[in-house]
Amino acid sequence: MSIGDSTTMKPGDQVKVSARGKFVFTVKDIDEDSGMALIEVNADTPLTYPWSARITDLVPVED
């Protein structure tokens with residue numbers, strides 16, 4: 001998956017919101033028409049919830 005590439009990005013992929021981002025998110029859904037993805041932080045907290053981010057801002061997490 002390349003940066004902001006919605007054609008290869010899919011639900012379940014792990015991403016950061018920027019190259020320098022600290023937190024890892026899971027892609028929950030992708031809306032290619034709007035260029036937005038629904039993501040949820042991978043953190044051990046009861047306050048996690050999905051939110052929208054621009055696909056072009058997302059960076060794949062390296063294994």
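In this structure, CD1 in I30 is found 9.0 Å from NZ in K10, a value given to the nearest 0.5 Å. Annotation: the span from I39 atom CD1 to N42 atom CG amounts to 9.5 Å, rounded to 0.5 Å. Note that CD of E40 is 7.5 Å distant from OG1 of T26, once rounded to the nearest 0.5 Å.
In terms of hydrophobic clustering, with Ile, Leu, Val, Met, Phe, Trp and Tyr side chains grouped at heavy-atom distances under 4.5 Å, V41 and M9 are assigned to a common cluster.
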Side-chain donor-acceptor distances from residues 48-55 under 3.5 Å, at least two apart:
from, atom 1, to, atom 2, distance (Å)
R54, NE, D57, OD2, 3.0
R54, NH2, D57, OD2, 2.8

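Considering only residues two or more places apart in sequence or on other chains, D29 meets the side chain to side chain contact (heavy atoms under 4.5 Å, CB included) condition with L38. Taking S18 as the reference, R20 meet the side chain to side chain contact (heavy atoms under 4.5 Å, CB included) condition, with sequence neighbours excluded.
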Note to self: With side chain to side chain contact (heavy atoms under 4.5 Å, CB included) as the criterion, how do K16 and V24 come out once you've worked through the C-alpha distance, each side chain's angles and the decisive distance to 0.1 Å?
What the structure shows: CA-CA 5 Å; K16 291 184 179 182; V24 176; 4.1 Å; yes
